[in-house]
Amino acid sequence: MDSVVQLQRQLVDYTGQLFNEGFLDDQFNQLQQLQDESNPDFVVELVTLFFEDSEKLLNELAKDLEQPSIDYRKIDAHVHQLKGSSSSIGVQRVQKVCIAFRNYCEERNIEGCQKCLQQVKNEYSLVKTKLETLFKLEQQVLAAGGSIPWPM
């Protein structure tokens, strides 16, 4: 039983760290509260969809920014979609970079857009790794016979 308590403590500490470092915001907690016995994988499924959609959007953005004639409205639409989906699951740092990215689109600033694309790719990669680690910790707690101490 001590190992379950230790795993739960690790999970709580790690989750707190993600909030303190600005990776997640309260929207993520709200999603956790929607998860129940009838849909125990709700958050994992939602975040997995976010990962899949984000990969596509990031690839589209990279292609769009390589075109000889830049369609800033198209780029802005992709960034707006990424900002909205990151906001809906509480991925705060990706959302914040998207705000700056949209400003560069409005200014038609190619260098700023390219810089923001790299930043959003980096933030996305970081949060993806962190959430995958979080979900692994959750699985370890459950496999050890414990329960997830939500909300945290």
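The structure presented is a predicted model; accordingly, all values stated were derived computationally and were not measured. Below, each value reflects all heavy atoms present in this structure, side chains not excepted, and no hydrogens, waters or symmetry copies.
Looking at Asp25 and Gln95, their side chains come closer than 4.5 Å, going by heavy atoms from C-beta outward.
Residue pairs meeting the side-chain hydrogen bond (donor to acceptor under 3.5 Å, both in side chains) criterion with at least one partner in residues 103-122, sequence neighbours excluded, do not occur; the list is empty. Under the salt bridge (Lys or Arg N to Asp or Glu O under 4.0 Å) criterion, no residue pair touches residues 38-48, with sequence neighbours excluded. Applying the side-chain hydrogen bond (donor to acceptor under 3.5 Å, both in side chains) definition to pairs two or more places apart or across chains, none involves residues 81-91. Within the structure, every pair that satisfies the salt bridge (Lys or Arg N to Asp or Glu O under 4.0 Å) test and touches residues 58-69, not counting sequence neighbours, is listed here: Glu60-Lys63, Asp64-Lys74. Judged as a salt bridge (Lys or Arg N to Asp or Glu O under 4.0 Å), the pairs with a partner in residues 85-100 (not counting sequence neighbours) are, in order, Arg93-Glu123.
Atom NE2 of His78 and atom CG of Leu82 lie 11.0 Å apart (nearest 0.5 Å). Rounding to the nearest 0.5 angstrom, the gap separating the CG atom in Leu134 from the CG atom in Leu11 is 6.0 Å.
Among residues two or more places apart in sequence or in another chain, the side-chain hydrogen bond (donor to acceptor under 3.5 Å, both in side chains) test is passed with Asp26 by Gln30. Scanning for side-chain contact (heavy atoms from CB on, under 4.5 Å) contacts around Ala144 gives Val4, Leu7, with sequence neighbours left out. Asp36 is linked by a side-chain hydrogen bond (donor to acceptor under 3.5 Å, both in side chains) to Ser38, counting only residues two or more places apart in sequence or in another chain. Listed by chain and residue number, Val44, Glu52 satisfy the side-chain contact (heavy atoms from CB on, under 4.5 Å) test with Thr48 (two or more places apart in sequence, or in another chain). Not counting sequence neighbours, the partners of Tyr124 by the side-chain hydrogen bond (donor to acceptor under 3.5 Å, both in side chains) test are Glu55. The side-chain hydrogen bond (donor to acceptor under 3.5 Å, both in side chains) check on Asp76 picks up Arg102, with sequence neighbours excluded.
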